[in-house]
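These numbers were taken from a predicted model, which means no experiment stands behind them. Counting begins at 1 with the first residue of the sequence.
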Amino acid sequence: MVMEGGDIIKASNSLRGSLRAGSLRAGSSSIWRNSAVDVFSRSSRDEDDEEALKWAALEKLPTVARLRKGILTGSQGGANEVDVDNLGWQEKRTLLERLVKVAEEDNERFLLKLKNRIDRVGIDLPTIEVRYENLNIEAEAFVGTSALPSVLNFITSIFENFLIDMGVLSSRKKKLTILKDVSGIVKPGRMTLLLGPPSSGKTTLLLALAGKLNPDLKFSGSVTYNGHTMKEFVPQRTAAYISQHDLHLGEVTVRETLAFSARCQGVGTRYDMLAELSRREKEANIKPDPDIDVFMKAVATEGQEASVITDYI
């Protein structure tokens with residue numbers, strides 16, 4: 001297409017005008033983006049400053065009061081001071097969603113956060129090492145048809161036991177060796193797998209280690225917890241044997257079963273450990289993760305009808 005000279009000048013002027021307008025529009029868009037980013041970053045800084053001020057005020061409280069307070073970020077943002085003794089249902093839900101939203105992905109990360117907080121101030125949690133040496137367990141039992149649970153055998157055994165106590169008869173029970181000269185160590189911080197064929201004594205060994213062995217069995221050898229024998233140590237406070245046959249109340253839900261168990265166990269030494277942890281963090285000027293702090297304080301609080309541990313599980 002052929003243009004006259006005036007038309008060329010008009011076209012070039014129009015092009016420059018459109019370029020300037022485009023530059024202006026692009027510039028205004030850039031200004032908007034910069035101002036938007038600045039607004040959001042300033043809002044984030046304000047929230048961080050607010051949380052820092054609330055945490056500083058919390059640190060000035062006495063130890064007992066400090067262990068009952070925490071800083072919890074709400075679902076809509078913003079840090080709020082909460083009383084861990086009276087966490088509501090919504091607050092617990094918000095806390096657990098922030099810690100473990102997707103169990104398969106977040107649970108390990110959450111547990112590592114708990115471990116790192118304790119390790120950072122050099123607190124060593126107590127561990128238990130179980131040793132068993134030269135363990136021998138024997139039983140006396142009827143064999144053959146005499147061992148069958150029948151009415152005749154029941155009545156016969158009553159008379160036999162009476163005559164045996166009188167010294168008239170000798171026992172027809174046979175000695176059975178369940179475990180013979182067994183030794184080993186269960187190391188702390190590990191999961192130990194016990195393998196064996198049926199009737200090899202696996203359950204008997206676990207019961208012996210947990211201190212729940214049947215008194216009718218003949219027991220010899222030693223089982224020690226951190227070097228202390230069963231007479232010096234109460235294994236039931238540290239170890240529990242879980243039978244393959246579950247015994248539950250059919251009238252209660254899973255949540256009610258867990259909540260009942262949590263209330264029976266109490267908080268143990270968690271409160272004392274948390275008090276020492278808080279003291280060391282304050283001395284070292286360490287600010288813990290607020291969500292982890294609220295969770296640990298809630299777990300160590302006595303007298304709660306609904307423990308946050310139950311909600312976590």
Side-chain angles (χ1 to χ4, degrees), residues 43-44 46-121 123 125 249 252-282 286-313:
S43 174
S44 178
D46 290 342
E47 289 180 2
D48 291 343
D49 292 342
E50 182 185 2
E51 182 180 324
L53 288 173
K54 289 184 177 180
W55 186 260
L58 198 67
E59 285 294 287
K60 294 180 181 179
L61 296 175
T63 302
V64 175
R66 192 168 67 250
L67 294 181
R68 296 179 180 273
K69 302 287 184 181
I71 306 297
L72 183 62
T73 303
S75 56
Q76 303 298 325
N80 301 308
E81 183 179 304
V82 294
D83 185 353
V84 296
D85 286 347
N86 300 305
L87 283 179
W89 176 83
Q90 186 61 44
E91 291 172 324
K92 289 181 181 179
R93 181 179 176 182
T94 301
L95 173 64
L96 291 172
E97 281 187 351
R98 288 174 60 84
L99 291 173
V100 191
K101 191 165 187 177
V102 181
E104 291 80 1
E105 299 174 5
D106 300 332
N107 189 51
E108 183 178 1
R109 205 160 29 236
F110 163 64
L111 296 175
L112 285 173
K113 284 183 180 179
L114 289 175
K115 182 178 183 298
N116 291 337
R117 184 186 181 188
I118 295 171
D119 291 344
R120 189 165 53 175
V121 293
I123 291 181
L125 296 178
L249 296 175
V252 297
T253 65
V254 175
R255 170 178 284 275
E256 289 169 342
T257 301
L258 294 172
F260 175 74
S261 176
R263 293 187 70 183
C264 286
Q265 292 182 42
V267 298
T269 58
R270 292 187 211 137
Y271 184 85
D272 295 333
M273 187 275 290
L274 185 61
E276 177 65 18
L277 176 64
S278 180
R279 184 187 67 78
R280 293 192 186 188
E281 285 179 338
K282 187 176 181 180
I286 296 174
K287 178 180 176 293
D289 183 300
D291 296 332
I292 295 293
D293 182 63
V294 172
F295 179 85
M296 294 184 71
K297 287 176 179 177
V299 166
T301 301
E302 291 182 321
Q304 292 188 9
E305 285 192 19
S307 172
V308 70
I309 282 287
T310 305
D311 298 322
Y312 161 66
I313 294 173

- When every non-hydrogen atom of I118 is compared with those of L277, the smallest separation belongs to CA-CD1, 4.3 Å
- Mind checking what makes side-chain hydrogen bond (donor to acceptor under 3.5 Å, both in side chains) contact with K115, not counting sequence neighbours? D119
- Could you note down all residue pairs passing ring pair (Phe, Tyr, Trp, His ring centres under 6.0 Å) where residues 85-108 supplies at least one of them, sequence neighbours left out? none
- Evaluate the criterion side chain to side chain contact (heavy atoms under 4.5 Å, CB included) for residue pair F295 and L99; output intermediate values, then yes/no. CA-CA 9 Å; F295 179 85; L99 291 173; 3.9 Å; yes
Side chains of [X] and [Y], heavy atoms from C-beta outward: is any pair under 4.5 Å?
X: D289; Y: R117; answer: no
X: V294; Y: L87; answer: yes
X: L249; Y: T257; answer: no
X: R255; Y: D311; answer: yes
X: Y312; Y: N107; answer: yes

- Message: Please check if the number of heavy atoms outside R68 that lie under 6.0 Å from its CZ is greater than 12.
- Response: no
- Step through the shown structure and confirm whether more than 12 heavy atoms of other residues, nucleotides or ligands are within 6.0 Å of CD on E108. no
Considering only distance and modelled atom types, tabulate donor-acceptor pairs under 3.5 Å from the side chains of residues 266-273, sequence neighbours left out.
| residue | atom | partner | partner atom | Å |
| --- | --- | --- | --- | --- |
| R270 | NH1 | V299 | O | 3.2 |

- Find the distance between CG (D291) and CD1 (I71) and round it off to the nearest 0.5 Å. 11.0 Å
